[in-house]
J.: 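Can you read through this structure? Questions will come right after.
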Amino acid sequence: MYSEKVMEHFTNPRNVGELGDANGIGEVGNSKCGDIMRIYVKIEDDFISDIRFKTFGCGAAVATSSMATELVKGKSIQEALSITNKAVADALDGLPAEKLHCSVLAEQGIKAAIQDYFDKKGIDPLPIIGCDFRCSSSGE
Ligand code: FES
């Protein structure tokens, strides 16, 4: 059912835990399955200098959290915001159709954490990223 990469990220997830000096925290959930994902980001000079996650959910949710944090760590805010659930699923060599929503949660969690950073700083993201990324969130 799952690829080797999904199983590997599930059994050995990267960037697990909380980030004490996070300046952005995003929490998202899926009302159907009840799973919850919290992403902590530390943003310095418009780059994701550190990132952690805590996920209360299925194995695919843990694996997609792990992969999503790996994909955006060290990247610019713009690059992190361009991440899609498809990119996360592809990096894991695919997910079963009924588990694609887990990767959507990972994409939304990253974006929610960056939005929280903008909100806390009182920054208008439009001049920085040139568009309102909340509109570009992909669906299931
Ligand atoms: Fe809902 Fe995985 S089953 S996040």
Side-chain angles (χ1 to χ4, degrees):
M1 176 179 177
Y2 288 124
S3 71
E4 276 181 31
K5 266 196 192 166
V6 171
M7 292 308 295
E8 205 275 312
H9 275 264
F10 172 58
T11 53
N12 181 29
R14 287 33 155 209
N15 308 309
V16 179
E18 297 182 16
L19 202 54
D21 58 351
N23 51 14
I25 301 174
E27 184 172 300
V28 291
N30 183 294
S31 57
K32 285 183 211 151
C33 65
D35 291 355
I36 296 170
M37 195 178 286
R38 190 176 296 154
I39 306 273
Y40 302 79
V41 289
K42 168 92 174 164
I43 297 176
E44 294 174 298
D45 299 326
D46 291 341
F47 278 79
I48 312 283
S49 61
D50 210 352
I51 187 163
R52 297 276 192 286
F53 78 89
K54 282 182 107 175
T55 290
F56 183 76
C58 72
V62 172
T64 55
S65 308
S66 171
M67 180 55 84
T69 57
E70 282 288 274
L71 289 176
V72 304
K73 197 172 186 180
K75 298 280 169 50
S76 69
I77 291 175
Q78 287 91 335
E79 289 172 306
L81 289 173
S82 68
I83 192 171
T84 63
N85 76 297
K86 184 176 182 322
V88 176
D90 286 350
L92 287 166
D93 293 337
L95 286 167
E98 69 273 19
K99 291 290 180 180
L100 274 177
H101 77 271
C102 316
S103 61
V104 173
L105 219 50
E107 175 193 329
Q108 291 174 338
I110 300 280
K111 290 178 173 172
I114 294 172
Q115 178 66 54
D116 184 54
Y117 165 78
F118 285 140
D119 290 346
K120 281 184 176 141
K121 292 266 181 191
I123 298 172
D124 178 2
L126 280 178
I128 298 173
I129 59 173
C131 67
D132 187 340
F133 62 85
R134 284 165 291 187
C135 303
S136 63
S137 209
S138 56
E140 286 180 40

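For reference, positions follow the sequence shown, starting with 1. Below, all heavy atoms of this structure are taken into account, side chains as well, without hydrogens, waters or symmetry copies. Computed from a predicted model, the values in this text were never measured in an experiment. In listed order, ligands and their atoms are each counted from 1.
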J.: Of the options I48, D50, I51, which is the one that meets K42 in a side-chain contact (heavy atoms from CB on, under 4.5 Å)?
T.: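 Among I48, D50, I51, the one that satisfies the side-chain contact (heavy atoms from CB on, under 4.5 Å) with K42 is D50.
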J.: Pull up every protein N/O/S atom sitting under 2.8 Å from atom 1 (Fe) of ligand 1, skipping waters.
T.: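 Atoms qualifying: C33 SG, H101 NE2.
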J.: Transitive ILVMFWY cluster of F47 at side-chain heavy atoms under 4.5 Å: who else is in it?
T.: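 Cluster partners of F47: none, it stands alone.
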J.: Would D93 and S3 count as having a side-chain donor-acceptor pair, cut-off 3.5 Å?
T.: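 Not at all, the side chains of D93 and S3 share no donor-acceptor pair under 3.5 Å.
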J.: Between S66 and V62 (side chain of the first, backbone of the second, donor and acceptor by atom type, cut-off under 3.5 Å), is there such a pair?
T.: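 No, the answer is negative, given that no donor and acceptor are paired below the 3.5 Å cut-off.
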J.: How would you list, by chain and number, every residue that makes a side-chain hydrogen bond (donor to acceptor under 3.5 Å, both in side chains) with K121, sequence neighbours excluded?
T.: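 Partners of K121 by the side-chain hydrogen bond (donor to acceptor under 3.5 Å, both in side chains) criterion come out as none, since no residue qualifies.
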J.: Who pairs with K54 by side-chain hydrogen bond (donor to acceptor under 3.5 Å, both in side chains), at least two apart in sequence or on another chain?
T.: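 Partners of K54 by the side-chain hydrogen bond (donor to acceptor under 3.5 Å, both in side chains) criterion, ordered by chain and then number, come out as E18.
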